[in-house]
Every structure is written in C-alpha cells, then in structure tokens.
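Remember, it's 1-based here, ligands and their atoms both numbered in the order they're listed. Owing to the predicted nature of the structure, the values given are computational and were not obtained by experimental measurement.
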Amino acid sequence: MHIVRYRRADDATPRVGVRTDGVVRSLPVASVAALLGARLADIQALTSEPGDVVDDARLLAPVDGATEVWAAGVTYLRSREARMEESSEADIYGRVYDAARPELFFKSAAWRVVVDGEPVAIRADSGLDVPEPELALVVNRFGEIAGYLVSNDMSSRSIEGENPLYLPQAKVYAGACALSAGIRPAWEVDGSDLPVAVRVTRDGVAVWTGTTSTARLKRPFADLVDYLFKADNFPAGAVLSTGTGLAPALDFTLREGDVVTITIDEVGELTNPVVVGREHFEFLRP
Ligand code: DO4
Ligand code: MG
C-alpha cells in the first residue's frame with residue numbers, strides 16, 4: 001500500500017488516498033501535511049479504512065502545504081569518496097563523514113517537488129551534473145518515521161566542487177528535487193536493508209547504472225531525524241532524504257534528454273527526463 005496525493009479529471013482540488021494493487025481509494029484527510037500532523041498510530045488507523053475507489057486519479061507529488069524536504073549528505077562511503085574527488089576542499093567531506101553531527105541541508109518546499117514522469121533539471125550555468133538516488137524518510141510532526149519515498153537529490157558537482165559554500169546553489173534550484181508518487185508506510189516495510197538501483201539512459205542506451213543497499217548507510221535513520229528535530233519544529237512533518245550511496249565517475253555528466261530511473265525495492269520507482277534550465281518549471285505553483 002502507498003499513501004498518495006491525486007487529482008480527479010473533473011476536480012482541481014488535490015486529494016489524499018491510498019493505492020493498493022493499482023487501485024486508488026480516498027481518505028478523509030485534506031492534505032498530506034495534515035496527515036503528518038498526526039501520531040503514527042493515528043496515521044495507520046486512518047489509512048487502514050479507505051473510502052471509495054477513485055477510477056480517474058492522476059498522481060501528484062506526495063507532499064503539500066508546509067511540509068519541507070530536507071536532505072542528509074556524505075552518509076555513504078561512496079558519497080564521501082566522490083566529494084573528495086570533485087572538491088577543492090576535500091578534507092571537509094572526510095571530517096563530516098566521521099563526525100557525530102550529520103550534514104543536513106534544506107532541499108525543497110513542497111510545491112517545488114516534481115513527481116514521477118515530470119522533468120528534473122540541470123542548471124543552465126552548471127557543467128557537471130548528476131542524479132543522486134536516495135531513500136527518503138517521511139517523518140511526522142512528532143519525529144516518528146511514517147514512511148519511505150524514492151528521492152532524486154539532483155546536484156551540480158561543478159558548482160559544489162568549486163567551493164562548498166556554493167552547496168545551496170548546487171542543490172536548490174528549479175527541477176532539483178524529485179520524489180516518487182507514493183509513500184510506503186513504515187509499518188509495512190523495514191527500510192534498513194533495501195536494494196537501491198539507478199539507470200540513466202541516453203537515446204535508449206544505458207550510460208550509467210549502479211546499485212547499492214540502504215544497509216550501507218553509515219548513520220541510523222533515527223539519528224538523522226533526531227538532528228533534524230534538535231532545534232526546529234515541523235508542524236506539517238518533513239521529508240528527509242538520507243543521502244546517496246551511488247555516484248558515477250567524474251567523467252560522467254547528465255545531458256538534456258537523458259532519462260533517470262531510480263528503483264528502491266518495496267518503496268517504489270522514480271523516472272524523470274532531464275531538461276536544462278528553469279523555464280521548464282513554470283507549471284510548479286505554490
Ligand atoms: O556534501 C554535499 C552533499 C552530499 C549529498 O547530497 C549526498 O551525499 O547525498
Ligand atoms: Mg544527496
């Protein structure tokens with residue numbers, strides 16, 4: 001079962017439901033943000049009794065309202081290595097990998113998130129660009145992990161590599177944050193050892209593939225959530241992308257027209273075509 005946001009053919013209002021074996025059913029809650037304001041036990045109870053079948057649902061990005069997307073960095077050995085190769089300041093990545101405090105950064109407001117099938121972007125002023133395949137935690141306002149999503153933390157390696165203080169520009173821009181459409185409830189799946197796979201195709205040919213497992217994540221999920229909630233409140237919950245364990249060699253860069261597919265067993269699949277520039281994202285509105 002997945003928790004989804006959807007829109008009906010004849011109704012502009014986004015709604016919340018559950019999707020099981022391809023069938024969407026409605027839920028009596030106005031938004032995912034409202035759902036994430038509830039305790040885990042109440043979310044589980046609400047989603048266990050869905051209403052009518054919705055036969056014309058178009059799935060939307062799985063977050064809304066005041067729910068923010070955050071991300072963790074350098075949480076896998078492969079990410080540490082890749083950053084040390086690309087950066088003018090290699091040492092800081094080694095230090096953060098070993099430190100008690102994780103790297104956490106703001107990634108996206110809910111309205112800026114793109115979903116499966118929509119484009120992801122390369123910045124027009126960037127020269128070296130990658131998708132970052134990541135498992136994302138969906139956390140309620142009480143810091144309980146309610147579910148999981150597939151996330152693509154699109155990144156400019158050239159901008160971050162030039163100077164780590166450019167990280168927000170390397171990570172936060174139109175089309176930089178993609179999430180899979182359905183939240184897989186945490187009470188249905190153990191996220192601690194899930195295969196993660198990426199495939200980038202160019203003119204129908206795979207130009208980069210990779211696999212890893214969430215078991216290689218250096219930090220427990222609960223530690224990442226604890227640090228996120230240490231000094232801030234999330235009344236509409238948060239999505240916390242847990243970092244990438246997959247990075248290509250430095251001679252690979254994404255190009256316009258590539259298609260990125262990320263699969264996490266038991267959680268979902270996320271496929272997005274790649275475009276260049278912010279003009280492709282005027283369809284996103286708060
Ligand atoms: O330190 C830069 C960002 C790292 C990141 O996004 C990752 O490891 O996934
Ligand atoms: Mg990342």
**Request:** Would you kindly specify which portion of Tyr76 sits under 4.0 Å from ligand 1, judged on non-hydrogen atoms: side chain, backbone, both or neither?
**Result:** neither

**Request:** Check ligand 1 against Gly243 and write out every atom of the ligand that is under 4.0 Å from a heavy-atom position of the residue.
**Result:** 9 (O)

**Message:** For a quick check under 3.5 Å, do Ser126 and Ser158 share a side-chain donor-acceptor pair by atom type?
**Reply:** yes

**Asked** So, are Arg184 and Glu269 salt-bridged, with charged N and O less than 4.0 Å apart?
**Response** no

**Message:** Is a donor from one side chain sitting under 3.5 angstrom from an acceptor on the other, for Asp193 and Ser213?
**Reply:** yes

**Asked** Is Leu167 in polar range of ligand 1, meaning some N or O pair under 3.5 Å apart?
**Response** no

**Item:** atom 8 (O) of ligand 1: nearest protein contact (heavy atom, Å)
**Value:** Ser79 OG, 2.6 Å

**Request:** Within a distance under 4.0 Å of any heavy atom of Gly73, pick out the atoms of ligand 1 and give their elements.
**Result:** 4 (C), 5 (C), 7 (C), 8 (O)

**Donor-acceptor pair, side chain of Ser31 and main chain of Ala34, under 3.5 angstrom** = yes

**Prompt:** Is the charged tip of Arg39 near the ring of Phe142: under 6.0 Å from the six-membered ring centre and within 45° of its axis?
**Reply:** yes

**Asked** Atoms of ligand 1 less than 4.0 Å from Lys171 heavy atoms?
**Response** 3 (C), 5 (C), 6 (O)

**Prompt:** Just which atoms of ligand 1 are under 4.0 Å from any heavy atom in Glu103?
**Reply:** 1 (O), 2 (C), 3 (C), 4 (C)

**Request:** To the nearest 0.5 angstrom, please state how far the CH2 atom of Trp70 sits from the CG atom of Leu224.
**Result:** 13.0 Å

**Asked** Under 4.0 Å from any heavy atom of Phe105, which atoms of ligand 1 are there?
**Response** 6 (O)

**Complete:** With heavy atoms and a 4.0 Å threshold, my read on which part of Val96 contacts ligand 1 is neither

**Asked** Numbering the atoms of ligand 1 from 1, which are under 4.0 Å from a heavy atom of Asp153?
**Response** 6 (O)

**Item:** Val138 and Leu149, any side-chain heavy atoms less than 4.5 Å apart
**Value:** yes

Side-chain atoms of residues 55-62: list all donor-acceptor pairs with protein atoms under 3.5 Å, sequence neighbours left out, distances to 0.1 Å.
| residue | atom | partner | partner atom | Å |
| --- | --- | --- | --- | --- |
| Asp56 | OD1 | Arg8 | NE | 2.8 |
| Asp56 | OD1 | Arg8 | NH2 | 3.1 |
| Asp56 | OD2 | Ala9 | N | 3.4 |

**Request:** Check whether NZ of the Lys or CZ of the Arg Arg80 lies under 6.0 Å from the centre of the six-membered ring of Tyr97 and within 45 degrees of that ring's axis.
**Result:** yes

**Asked** Is it true that a side-chain atom of Asp98 and a backbone atom of Arg95 form a donor plus acceptor pair closer than 3.5 Å?
**Response** no

**Request:** Go through ligand 1 atom by atom and flag the ones less than 4.0 Å from a non-hydrogen atom of Glu134.
**Result:** 9 (O)

**Asked** Do Thr75 and Lys218 have a side chain donor and acceptor closer than 3.5 Å?
**Response** no

**Prompt:** How many protein atoms of type N/O/S are positioned less than 2.8 Å from the Mg ion (ligand 2)?
**Reply:** 3

**Request:** Could you tell me the residue and atom name of the protein heavy atom closest to atom 2 (C) of ligand 1, and the distance to it rounded to 0.1 Å?
**Result:** Glu160 OE2, 2.9 Å

**Message:** Can you see whether Thr242 engages Glu134 through a side-chain donor-acceptor pair at a distance of less than 3.5 angstrom?
**Reply:** no

**Prompt:** For ligand 1, which atoms sit closer than 4.0 Å to a heavy atom of Val74?
**Reply:** 1 (O), 4 (C), 7 (C), 8 (O)

